[in-house]
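What follows is a set of notes on a single structure, which appears directly below.
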Protein chains: 2
Amino acid sequence: MNKKELAPLIIGKLLNIGGMLQKKGNKLLLPFNLNQQQFSILFSIEQKKKVNQKNMINKLVLEKAHVSKVVKKLYNMGLIDIETSSEDKRSSWLSITKKGQDTLEKCKEYIEKWNEEWVSEIDKDQLYVLLDSLTNLQNIFKNQIENK
Amino acid sequence: MNKKELAPLIIGKLLNIGGMLQKKGNKLLLPFNLNQQQFSILFSIEQKKKVNQKNMINKLVLEKAHVSKVVKKLYNMGLIDIETSSEDKRSSWLSITKKGQDTLEKCKEYIEKWNEEWVSEIDKDQLYVLLDSLTNLQNIFKNQIENK
DNA sequence: ATTAATTAGTTTCCTTGTCAACTAATTAAT
DNA sequence: ATTAATTAGTTGACAAGGAAACTAATTAAT
């Protein structure tokens, strides 16, 4: 097989796997009233201590309108705080609350439990190789998509 | 790094890449009034000559309500034919029309053009390795998800 | 200094995708 | 044979996600 034939197979599988993971994530997080995307935004707010919406849009390749809505939802659920920035009044700093922390911890437990299941079927070396290829792909796609 | 740490990194990247590809696909297919999912359903109808909705739900891991609506859309666009099955009157055979064929061909051209771009940045061996790992992952996830 | 351009985030409108309840056909159980 | 259970697909209600137009603040250009 040449590259031209390999490409669509890989794209197909990536799309398929991505879809399955998204659905699985949604199901896992259902008890917390969050879906996979909302979780990833919450997670990303926890990671860096001070974030605004723009940071996350860049990092997670999300639509700004979408982020805006999720941020509002997380705030209404009491999971994050919103503090208007003094440097730039257009944007505000997002930070995770105690309740948000707790929720996140519980979510992570659920996710870890599932990870242990599937990861047990693959050996460590293959995981490393896979992580490498995915990082590579991720960068390539990110560049391609950003440049137009 | 142990497996426990590798797992979430891999999942994160797969979700991120999946999201980027879906968006890219939607953008590429915009001129044809199709999105990535609708394309994949149309594509899947072309592949096997006779399919019903159930076949596709299994193969593509999609919601049956969703498939039902997409099928209706494709039919309204004149891209597929629907012929009630004589063996089982609940279901019908889906087949691609001439117009559907043509559309599909054009879509594929666009997609191929894009594939050539990104694929040029990776060497063939890595593509093979990646395809292998992805196939492996795909099967693992598919089983995990199907068994509850 | 004033105007123009850019940027962060919001709102509105619309399409997509999901869930649950439903219909009608088929199969299994007694 | 009749009833019960299962199955293929549809429908309606609703949440999620995206595009575009918009507001208000900031920065650049003259």
Side-chain angles (χ1 to χ4, degrees), chain A residues 15 18-42 45 50-77 80 82-94 145, chain B residues 15 18-42 45 50-77 80 82-94 145:
Chain A
L15 281 164
M20 287 196 284
L21 289 180
Q22 188 133 6
K23 254 178 234 171
K24 181 70 185 183
N26 290 344
K27 217 171 269 177
L28 277 177
L29 298 164
L30 205 59
F32 305 101
N33 250 308
L34 291 171
N35 70 18
Q36 186 273 313
Q37 297 245 36
Q38 292 157 1
F39 169 81
S40 79
I41 288 177
L42 183 60
I45 291 173
K50 287 228 162 189
V51 238
N52 57 22
Q53 295 192 24
K54 197 206 164 197
N55 299 153
M56 277 181 312
I57 292 159
N58 295 339
K59 203 193 155 200
L60 303 175
V61 199
L62 297 173
E63 221 58 41
K64 62 180 179 172
H66 181 203
V67 172
S68 170
K69 284 168 201 166
V70 173
V71 162
K72 193 171 285 174
K73 179 185 173 178
L74 296 177
Y75 177 72
N76 289 335
M77 289 173 77
I80 61 169
I82 301 178
E83 173 206 353
T84 334
S85 151
S86 52
E87 302 107 73
D88 186 337
K89 282 173 205 154
R90 285 171 305 177
S91 77
S92 18
W93 296 117
L94 308 175
I145 287 165
Chain B
L15 281 164
M20 288 195 284
L21 289 180
Q22 188 133 5
K23 254 177 235 170
K24 182 69 186 185
N26 290 343
K27 216 171 269 176
L28 276 177
L29 297 165
L30 205 60
F32 305 102
N33 250 309
L34 292 171
N35 69 18
Q36 185 272 314
Q37 297 245 39
Q38 291 156 2
F39 169 81
S40 78
I41 289 177
L42 183 59
I45 292 172
K50 287 228 161 188
V51 240
N52 57 23
Q53 296 192 23
K54 198 207 163 195
N55 299 152
M56 276 181 313
I57 292 160
N58 297 338
K59 205 194 155 202
L60 302 175
V61 199
L62 296 173
E63 221 59 41
K64 63 179 180 174
H66 182 202
V67 172
S68 170
K69 284 168 195 168
V70 172
V71 162
K72 192 170 287 175
K73 180 185 172 176
L74 296 177
Y75 177 72
N76 288 335
M77 289 173 76
I80 62 170
I82 301 178
E83 172 207 353
T84 333
S85 150
S86 51
E87 302 108 73
D88 186 337
K89 280 172 206 155
R90 287 171 304 176
S91 76
S92 18
W93 295 118
L94 309 174
I145 286 163

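Within every chain, numbering begins at 1; the chains are lettered A, B, ... in the order of the sequence lines, protein sequences first and strands thereafter.
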Counterpart residues, salt bridge (charged side-chain N to carboxylate O under 4.0 Å, His left out), relative to B/Glu83 (two or more places apart) | B/Lys50
By side chain to side chain contact (heavy atoms under 4.5 Å, CB included), B/Lys89 pairs with (sequence neighbours left out) none
Positional range of nucleotides in DNA chain D within the contact set of chain A, heavy-atom, under 4.0 Å | D/dA16 to D/dT26
Not counting sequence neighbours, which residues clear side-chain hydrogen bond (donor to acceptor under 3.5 Å, both in side chains) with A/Asn26? List them please.
-> none
Watson-Crick and G-U pairing of DNA chain D written in dot-bracket, each distance under 3.5 angstrom, with | for inter-strand partners = ||||||||||||||||||||||||||||||
Counting distance only, does the side-chain N/O of A/Asn55 pair as donor-acceptor with the main-chain N or O of A/Asn58 below 3.5 Å?
-> no
Would you name the heavy atoms of B/Val61 and A/Lys23 that are closest together and state the gap between them?
-> O-NZ, 2.5 Å
Given DNA chain D, 5'-ward residue of the pair B/Val71 and A/Glu87, judged by closest heavy atom = B/Val71
Could you encode protein contacts along nucleotides 11-18 of chain C as a string, one character per nucleotide from 5' to 3', using B for base contact, S for sugar-phosphate-only contact and - for no contact, with a heavy-atom cut-off of under 4.0 Å?
-> BBB--SSB
Indicate every side-chain donor-acceptor pair of residues 66-77 of chain B with a distance under 3.5 Å to a residue at least two apart or in another chain.
| from | atom 1 | to | atom 2 | distance (Å) |
| --- | --- | --- | --- | --- |
| B/Lys73 | NZ | B/Asn33 | O | 3.1 |
| B/Lys73 | NZ | B/Gln38 | OE1 | 3.1 |
| B/Asn76 | ND2 | B/Lys72 | O | 3.3 |

Side chain to side chain contact (heavy atoms under 4.5 Å, CB included) against B/Lys64, all qualifying residues, sequence neighbours excluded | B/Ile57
Whichever of A/Lys89 and B/Ser91 has its nearest DNA chain D nucleotide further upstream toward 5' = B/Ser91
Contacts of B/Ser92 that satisfy side chain to side chain contact (heavy atoms under 4.5 Å, CB included) - sequence neighbours left out | B/Ile82
Identify the heavy atoms of B/Ile80 and B/Ile45 that sit nearest to each other, and give their distance.
-> CG2-CD1, 3.9 Å
Those residues at least two apart in sequence (or on a different chain) that pass side-chain hydrogen bond (donor to acceptor under 3.5 Å, both in side chains) with A/Asn35 are none
